[in-house]
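Encoded as structure tokens, the structure appears first; notes follow it.
Bear in mind that the values here come from a model prediction, so they are computed numbers and not experimental data. Protein chains get the first letters and strands the later ones, always in sequence-line order, with residue 1 at the start of each.
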There are 2 protein chains.
Amino acid sequence: MARPRTPLLSRERIVAAALRLIDDEGLDALSTRRLASELSVSGPSLYNHFATKDELLDAVVDSVIGEVDLSMFGTAGAAGVVAAGGGSWPEALRDWARSYRAALAAHPNIVPVLAQGPGRRPNALRLADAVFGHLVESGWPRGQATRIGALMRYFVTGSALASFAAGFPADAEVYDAADYPHLGEAHRLAGHRGTVDEGAFETGLEALLDGLALRYARLAERP
Amino acid sequence: MARPRTPLLSRERIVAAALRLIDDEGLDALSTRRLASELSVSGPSLYNHFATKDELLDAVVDSVIGEVDLSMFGTAGAAGVVAAGGGSWPEALRDWARSYRAALAAHPNIVPVLAQGPGRRPNALRLADAVFGHLVESGWPRGQATRIGALMRYFVTGSALASFAAGFPADAEVYDAADYPHLGEAHRLAGHRGTVDEGAFETGLEALLDGLALRYARLAERP
DNA sequence: ACCTGAACACCGTTCAAGT
DNA sequence: ACCTGAACACCGTTCAAGT
């Protein structure tokens, strides 16, 4: 055919198809040729819309991060939050972490790429800006705010990267009592995948926020 | 040449060369042909020692996990620990988490594979068994012990997967004040990579342990 | 048992050619 | 501007052939 009158492809259509392929069959299943065939187009066509496969992956990653809710950090500056007492950062962090995890856990196969950091991706930079800004305006020293942003990302990406429960084979034969005396029930984990992972995330999130609140209280004591 | 008198390869040599390649050039650089050439051998030779590339990757992963120190959980059963008061689990967990992170952070490129869970890898199963067993013998209910094992893995793998600081481009031009009002100093993060990531890990680890200690205390209150 | 080269069905990317 | 087929240097894996 050569060039059609109205374009067959667009960045949006390509990104959507790529994400679907990654979700359904994993990161390794995303090849330019396979993706092109999914879009009923020849392999090299994609290069009219993205310079490289990496640039395409970057767009997919940023579309996922764009799903994270940042509204709890306030839109027009967080002055109101601080005026309200500055004590609302744990609630904001909790709501954000849940939305962050939900967005990532919906696409676990792309988390390893996303976890490399924001790079130059606008949605990822906006996220980092909102979290850091909110913490600083809540009274956290800048160095501590950086650390909190980092440790929250560690926890959220780690929890979205893979299911803990599903990592244990459902085959009871694996857990020989002589080798692993405490794993006699581990073959049942995979069956409770959802609740185990959700429970672990919530427990860790609350523990983390409690631990940080302890440190926040100490800020006022010795300034 | 065909078959030499003494074998050119061994599983150990192959695993070591593969890990070196992954560390130096990333997971994508590990191809069977490239690895074979690194070992001065032809591509298909590797299939005499591993059935597939995945089986080889599994062996690499388990060799990394084998570096994690588990001695703090006691060797001949943890009865002594419990007899000593059962209060030492936070110290054991802290020491283990540091060793776990150090082992993984030395090989960040393989963390995405490792984070999929233990599977049937013996060192990974031994690790899970030691942590869970220690928590249960310290008085944690089994369900909570599972969650703690999971959330600790979330945090450690997340922190070893990639540097938080290095994820922010060192180019100040990236952080336009109109778009990202709080990231004016973000270009300096990458230069302090080591201290930022170490500080975030330590802060998160201590906060997590404090939060868990709060919950452990509550176990005694309402049993 | 353990290595080889040849072969198969794949990759990402470039490029000249088409409209 | 946007698509195509052909081509290049790669992949993982199989297999018959060698010792």
Side-chain angles (χ1 to χ4, degrees), chain A residues 1-62 109-110 112-114 116 119 121, chain B residues 1-62 109-110 112-114 116 119 121:
Chain A
M1 83 180 58
R3 174 161 118 92
R5 272 208 244 90
T6 101
L8 298 175
L9 298 175
S10 69
R11 286 176 69 100
E12 290 69 29
R13 281 217 331 125
I14 296 170
V15 165
L19 184 56
R20 209 177 317 124
L21 198 48
I22 291 168
D23 286 344
D24 293 349
E25 308 187 31
L27 203 52
D28 289 343
L30 181 77
S31 75
T32 56
R33 301 161 120 104
R34 172 73 193 282
L35 175 58
S37 109
E38 218 76 35
L39 290 159
S40 307
V41 104
S42 92
S45 303
L46 301 172
Y47 289 84
N48 285 295
H49 303 269
F50 294 97
T52 62
K53 186 184 169 184
D54 274 352
E55 194 186 298
L56 161 59
L57 251 185
D58 245 38
V60 175
V61 163
D62 215 39
N109 295 333
I110 210 177
V113 184
L114 177 155
Q116 299 306 309
R121 290 180 272 102
Chain B
M1 85 181 54
R3 175 161 117 93
R5 271 208 246 93
T6 102
L8 297 175
L9 297 175
S10 69
R11 285 176 70 100
E12 289 69 29
R13 282 204 49 219
I14 296 170
V15 166
L19 184 56
R20 210 177 315 125
L21 198 49
I22 291 168
D23 286 344
D24 293 348
E25 308 186 32
L27 204 51
D28 289 342
L30 182 76
S31 74
T32 56
R33 291 160 198 259
R34 173 73 194 283
L35 175 57
S37 109
E38 218 75 35
L39 290 160
S40 308
V41 103
S42 91
S45 302
L46 301 172
Y47 288 84
N48 285 295
H49 303 269
F50 294 96
T52 62
K53 187 185 169 182
D54 273 354
E55 193 185 300
L56 161 58
L57 252 185
D58 245 37
V60 175
V61 163
D62 216 39
N109 295 334
I110 210 177
V113 184
L114 176 154
Q116 299 306 311
R121 291 180 270 101

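With dA1(D), dG12(D), dC2(C) as the candidates, the nucleotide lying closest to the side chain of Lys53(B) is dG12(D). The side chain of Arg34(A) lies closest to dC11(C) when the candidates are dT4(C), dC3(D), dC11(C). Out of dT13(D), dC3(C), dA1(D), the shortest distance to the side chain of Thr52(B) is found at dT13(D). Among dA1(D), dG12(D), dC3(C), the nucleotide with an atom closest to any side-chain atom of Thr32(B) is dG12(D). In the set dC8(C), dC2(C), dT13(C), the nucleotide with an atom closest to the side chain of Pro44(A) is dT13(C).
No salt bridge links Glu38(B) with Arg20(B); every basic N to acidic carboxylate O contact stays at or beyond 4.0 Å.
When heavy atoms are screened at a 4.0 angstrom cut-off, Leu30(A) is found touching the sugar-phosphate backbone but no base atom.
If you check dT13(C) for Watson-Crick or wobble pairing at under 3.5 angstrom, you find it paired to dA7(D). Using the Watson-Crick or G-U wobble rule with both distances under 3.5 Å, dA1(C) pairs with dT19(D).
In this model, the phosphate group of dC3(C) is not approached by any side-chain N or O of Ser45(B) to a distance below 4.0 Å at OP1 or OP2. Look at His49(B) and you'll find a side-chain N or O under 4.0 angstrom from OP1 or OP2 of dC3(C). Applying the 4.0 Å criterion to OP1 and OP2 of dC10(C), one finds that Ser31(A) has every side-chain N and O outside that range.
Atom OH of Tyr47(A) and atom C1' of dA16(C) are 17 Å apart (whole Å). Atoms CG (Leu46(A)) and P (dG5(D)) sit 14 Å apart, rounded to a whole Å. Atom CG of Asn48(B) and atom C1' of dC2(C) are 5 Å apart (whole Å). To the nearest angstrom, C1' of dG12(C) lies 15 Å from CD1 of Ile14(A). Here dC11(C) presents its P atom at 15 Å from CG of Leu57(A), a figure rounded to the nearest Å. Rounded to whole Å, the distance from CZ on Arg33(A) to C1' on dG12(D) is 15 Å. The nearest whole Å value for the distance from the CZ atom in Arg5(B) to the P atom in dA1(C) is 18 Å. Whole-Å rounding puts the Leu39(B) CG to dC3(C) P distance at 10 Å.
A residue-by-residue look at Gly43(B) and Val41(A) shows that Val41(A) has its nearest nucleotide of DNA chain D further toward the 5' end.
Heavy atoms of other residues, nucleotides or ligands lying less than 6.0 angstrom from CG of Asp24(B) number more than 12.
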**Report entry** Stepwise side-chain contact (heavy atoms from CB on, under 4.5 Å) check, Ile110(A) with Val61(A)
**Finding:** CA-CA 7 Å; Ile110(A) 210 177; Val61(A) 163; 3.6 Å; yes
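Between atom NE2 of residue His49(A) and atom CD1 of residue Ile14(A) there is a gap of 5.0 Å, rounded to the nearest 0.5 Å. Atom CG of residue Asp58(A) and atom CG of residue Leu114(A) lie 10.0 Å apart, to the nearest 0.5 angstrom.
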